[in-house]
Amino acid sequence: MFKIFNTLSREVEEFKPLEEKVKMYSCGPTVYDYAHIGNFRTFVTVDFLRRFLRWKNYQVISVMNITDIDDKTIRRANEEGVSLSTITKRYEDAFFEDLKCLNCEKAQFHPRATEHIKEMIEICKDLEKNGLTYISQGSLYFRINSFKNYGKLSKVDKEGILEGARVDSDEYEKESARDFVLWKAKKEGEPFWTSPWGEGRPGWHLECSAMSRKYLGETFDIHTGGVDLIFPHHENEIAQSEGASGKSPVKYWFHIEFLLVNGEKMSKSKGNFYTLRDLLKDGYDPMAIRFLLLSVPYRKKLNFTLEGIDASKSSVKRLESFKARIVEEKKKLKEGVGGAEDEIASLKRKFEESLDDDLNTAESLGFLFDAVRIGNSLMDRGEIDYPSLNLLEEFVSEFENIFGIPLSREEILDEEIDKMIKEREELRKRKEFAKADKVRDELKEKGIVLEDTVNGVRWRRE
RNA sequence: GGCGCCGUAGCCAAGCGGUAAGGCAGGGGCCUGCAAAGCCCCCAUCACCGGUUCGAAUCCGGUCGGCGCCUCCA
């Protein structure tokens, strides 16, 4: 039974979907720049959750929006003197490339805000009808004092801002400090659409309410995002959706903790961020990065370091090598002796139980590595049987599927390297070890590492 | 001022009342022609103080330290 932490209740709850299919909405990127590795912690976690749910035999319908109209995208376009869509297209494409590189699957729907203005206006009309709005200086605002549930997600005080809090710059336009804009009046040099309240553009929170309603309905199961979105974004989203429909829109609010760099939040405004592209350029392996991002449970802050990627790389290599060994062992095993079926089955079960417990990936990996050690040990001693081997293979394959980290990268050796390996084998047979070692060193320089096993030579890329 | 998180070995990290998982790195050994991979062994009493308890890293109170949200932000 899968249990998931719900920000709404601040408790771990049993996961029970509203209907058969699980409906999930995820806050996506604002496409004004390359996403950084902190952003990707969230998106990789969402991908992990989706894979996990599917593995638990749920069908999942997922939606992730693309924010392609807001202050930042507009500013960027103006800075570069190009159209808004030039900017948003560029970074949207980059975003999907990066996702793919990290082996994240796309959602079924990736709706763009600019293509759902009509739906947003509908929400505003509903809110207006329900008496939750007012107009100030040409903009339409949501009046939080008219909405009794305001603050239920973030537990913030409805009564405005308290001492010490930073103050919203255009507060003066609003009746109450925490009221927020639904429809912004047109400003010079900004894109605009027509609406019943005049020309302007939608407020940021509106798109998620509108698009989730369109693609998933008024109520759905899971809504994901980074913890920073709890307030005000998701609080306001609830206000809009619930204010419009009268129904609580989301059953489980799923928030991913921050990724830190040197103990500090990574953010574009601080400039202390890595993009995926930076890391790849420096030769870091995307699957090692993915492993690192997933190895710390999503509700814990993750302190991101380059050393951490290296350590993860080593872990992934260990798993890769283990899988390769299982495949070989299966080929050569005639009839096995010994084995440790029960123990492996038990670890496999615990692996699942850990993930069931609010996705405790760190714990689950502990059990996986226990199985790796046991398996290696059995194979070392030649005391493995088919059932154990099959079980280990299944276990590894579950890891690959759920974590989205393939452990065999099918590669074909080019002829030259193949020749060198064969040549070295000849030399070794003739016990010309010095020459053989020289060939091995040459291969190493080409990034090919050799391992002489009882089943013959095995190669891998470093 | 309000809300919240965290402090476990060199690094990452599990642990939710019964006497410290796992990964990386390091040391020693086995295996190997030598390596590599793998295996075995070694490497912490859980920030600090006090309390509850037969028993606490785990519960309560306090101290110190770090971080986040309350503004755009994954």
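Chain letters run A, B, ... following the sequence lines, proteins first, then strands; residues in each count from 1.
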Ignoring backbone atoms, test whether A:N303 places a side-chain nitrogen or oxygen under 4.0 Å from the OP1 or OP2 oxygen of B:C6.
no
Please identify each residue that fulfils ring pair (Phe, Tyr, Trp, His ring centres under 6.0 Å) with A:F231, with sequence neighbours left out.
none
List for me each residue that meets ring pair (Phe, Tyr, Trp, His ring centres under 6.0 Å) alongside A:F192, sequence neighbours excluded, and say none if there are none.
none
Sugar-phosphate or base contact per nucleotide [nucleotides 18-32 of chain B; S, B, -; heavy atom under 4.0 Å]
---BSSSS-------
Test of understanding: with salt bridge (Lys or Arg N to Asp or Glu O under 4.0 Å), list the residues that count as partners of A:R41, not counting sequence neighbours.
none
Check: A:F254 ring centre within less than 6.0 Å of A:Y298 ring centre
yes
List in chain and number order the residues that pass ring pair (Phe, Tyr, Trp, His ring centres under 6.0 Å) with A:F304, two or more places apart in sequence or in another chain; answer none if no residue qualifies.
A:Y274
Between B:A35 (C1') and A:R458 (CZ): distance, integer Å:
14 Å
Please determine, for the side chain of A:N360, which listed nucleotide (B:A74, B:C67, B:G15) has the closest atom?
B:G15
Write down the distance separating the C1' atoms in B:G27 and B:G15, rounded off to the nearest Å.
27 Å
Would you mind pulling out the nucleotide paired to B:C64, Watson-Crick or G-U wobble, both distances under 3.5 Å?
B:G7
Given B:A14, is OP1 or OP2 found less than 4.0 Å from the side-chain N or O atoms of A:K300?
yes
Nearest whole angstrom, please: distance from the P of B:C34 to the CD of A:E451.
17 Å
Tell me, please, which residues at least two apart from A:D418 pass side-chain contact (heavy atoms from CB on, under 4.5 Å).
A:L413, A:K422
Round to the nearest Å and state the distance from A:K155 atom NZ to B:C3 atom P.
13 Å
Output all residues satisfying ring pair (Phe, Tyr, Trp, His ring centres under 6.0 Å) with A:F48, sequence neighbours left out; order by chain, then residue number.
A:F403
C1' spacing across the pair B:A20 / B:A57, given as an integer number of angstrom:
8 Å
Tell me whether the side-chain N/O atoms of A:N376 come closer than 4.0 Å to OP1 or OP2 in B:G38.
no
Between residues 97-106 of chain A and RNA chain B, which residues have a heavy-atom gap below 4.0 Å?
none
Quick check against the 3.5 Å criterion: does A:H234 have a side-chain atom that pairs as donor or acceptor with the backbone of A:E237?
no
Which residues pass the side-chain contact (heavy atoms from CB on, under 4.5 Å) test with A:V327, not counting sequence neighbours?
A:K331
Suppose we screen for side-chain contact (heavy atoms from CB on, under 4.5 Å). Which residues come up paired with A:P232, at least two apart in sequence or across chains?
A:H205, A:N236
Who pairs with B:G18 - Watson-Crick or G-U, where each distance is under 3.5 Å
B:C54
Pairs under 3.5 Å (N/O, protein and nucleotides 44-46 of chain B):
none

What pairs with A:R75 under salt bridge (Lys or Arg N to Asp or Glu O under 4.0 Å), at least two apart in sequence or on another chain?
none
